Amino acid sequence: MIEQKATVASRSGEQVWVEAERQSTCGQCQARKGCGTGLLSKHVGKKFSRIAVKDDGELRVGQQVTVSIPEEALLTGAFMMYMLPLILLFTIAITVRLMGGELLQIVSGLLGLITGFVWVKHRMSHHDAGINVKPNEDFK
């Protein structure tokens, strides 16, 4: 289980938007003073990630929470987002190549890629990823 502290940024209906500061390992590295990544992060500033999660109404804006994401959900989401559209692109392009010309192969491959992205977006928006949000006890 991957856990991150976050703040409830806004709410709309049954969803709340939580915002967490992106963390890097620069703070724990011994070479942070001479490292280009560490110097760049000082100048760029803090970056935040926002995600929408379902809530039963107990969270309020500004509240500190802990967001936990199962490793399985993270790996499945990464596979679906990056690999599935590419697999569809190559599978459809190879299948069409056996049947027709090069232009048809290119168009079919791109349609397979787009279909993969649309399917992943639909699946991710209608599937519970198992992300849990619980209020921090010390904030109440």
Side-chain angles (χ1 to χ4, degrees):
M1 189 75 63
I2 299 169
E3 292 186 343
Q4 172 76 36
K5 293 191 186 299
T7 305
V8 177
S10 64
R11 100 174 280 117
S12 63
E14 292 182 358
Q15 280 190 335
V16 291
W17 285 89
V18 294
E19 199 169 69
E21 183 181 346
R22 290 185 194 170
Q23 294 184 356
S24 69
T25 57
C26 290
Q28 294 136 0
C29 180
Q30 298 298 324
R32 66 180 167 258
K33 291 181 181 176
C35 172
T37 304
L39 292 173
L40 183 63
S41 68
K42 283 183 184 178
H43 293 292
V44 171
K46 296 181 178 180
K47 297 219 179 227
F48 294 90
S49 297
R50 286 178 68 122
I51 60 170
V53 293
K54 290 186 179 182
D55 177 46
D56 57 4
E58 69 180 52
L59 300 176
R60 59 189 184 279
V61 176
Q63 186 174 12
Q64 299 291 315
V65 296
T66 301
V67 179
S68 21
I69 303 171
E71 288 94 355
E72 181 182 326
L74 187 64
L75 291 173
T76 302
F79 173 79
M80 288 179 62
M81 199 56 210
Y82 294 109
M83 294 303 294
L84 189 66
L86 289 176
I87 290 170
L88 280 174
L89 174 130
F90 289 120
T91 303
I92 292 174
I94 290 170
T95 303
V96 170
R97 180 176 181 149
L98 298 174
M99 294 186 293
E102 185 175 340
L103 180 61
L104 185 61
Q105 176 186 357
I106 293 169
V107 171
S108 299
L110 290 175
L111 285 175
L113 182 70
I114 292 168
T115 302
F117 283 130
V118 169
W119 186 80
V120 167
K121 181 179 179 185
H122 173 67
R123 173 135 165 82
M124 291 296 182
S125 64
H126 292 84
H127 179 64
D128 182 19
I131 299 174
N132 297 320
V133 178
K134 60 182 177 182
N136 291 350
E137 297 302 321
D138 56 341
F139 186 75
K140 292 180 179 181

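Here the structure is a predicted model, which is why all the values come from computation and not from measurement.
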Given the rule that I, L, V, M, F, W and Y join up when any side-chain heavy atoms are under 4.5 Å apart, are [X] and [Y] in one cluster?
X      : Y      : answer
Val120 : Phe117 : yes
Leu86  : Tyr82  : yes
Ile69  : Trp17  : no

Give me the atom names and distance for the closest heavy-atom approach of [X] to [Y].
X      : Y      : value
Val61  : Ser10  : CG2-CA, 3.9 Å
Gly116 : Pro85  : C-CG, 3.9 Å
Leu88  : Gly112 : CB-O, 3.5 Å

query: When you look at Thr7 and Glu19, which way does the side-chain hydrogen bond (donor to acceptor under 3.5 Å, both in side chains) test go after all the steps?
result: CA-CA 5 Å; Thr7 305; Glu19 199 169 69; over 6 Å; no
Any side-chain heavy atom of [X] sitting closer than 4.5 Å to one from [Y]?
X      : Y     : answer
Thr66  : Gln4  : no
Trp119 : Leu84 : yes
Val65  : Val18 : yes

field: Gln15, CD: over 12 other non-hydrogen atoms inside 6.0 angstrom
entry: yes
Look up atom [atom1] in [X] and atom [atom2] in [Y], then write down how far apart they are to the nearest 0.5 Å.
X      : Y      : atom1 : atom2 : result
Leu111 : Ile106 : CG    : CD1   : 12.0 Å
Ile87  : Leu113 : CD1   : CG    : 12.0 Å
Lys121 : Met80  : NZ    : CE    : 14.0 Å
Thr95  : Gln105 : OG1   : CD    : 10.0 Å
Glu3   : Ser68  : CD    : OG    : 5.0 Å
Arg11  : Gln63  : CZ    : CD    : 9.5 Å

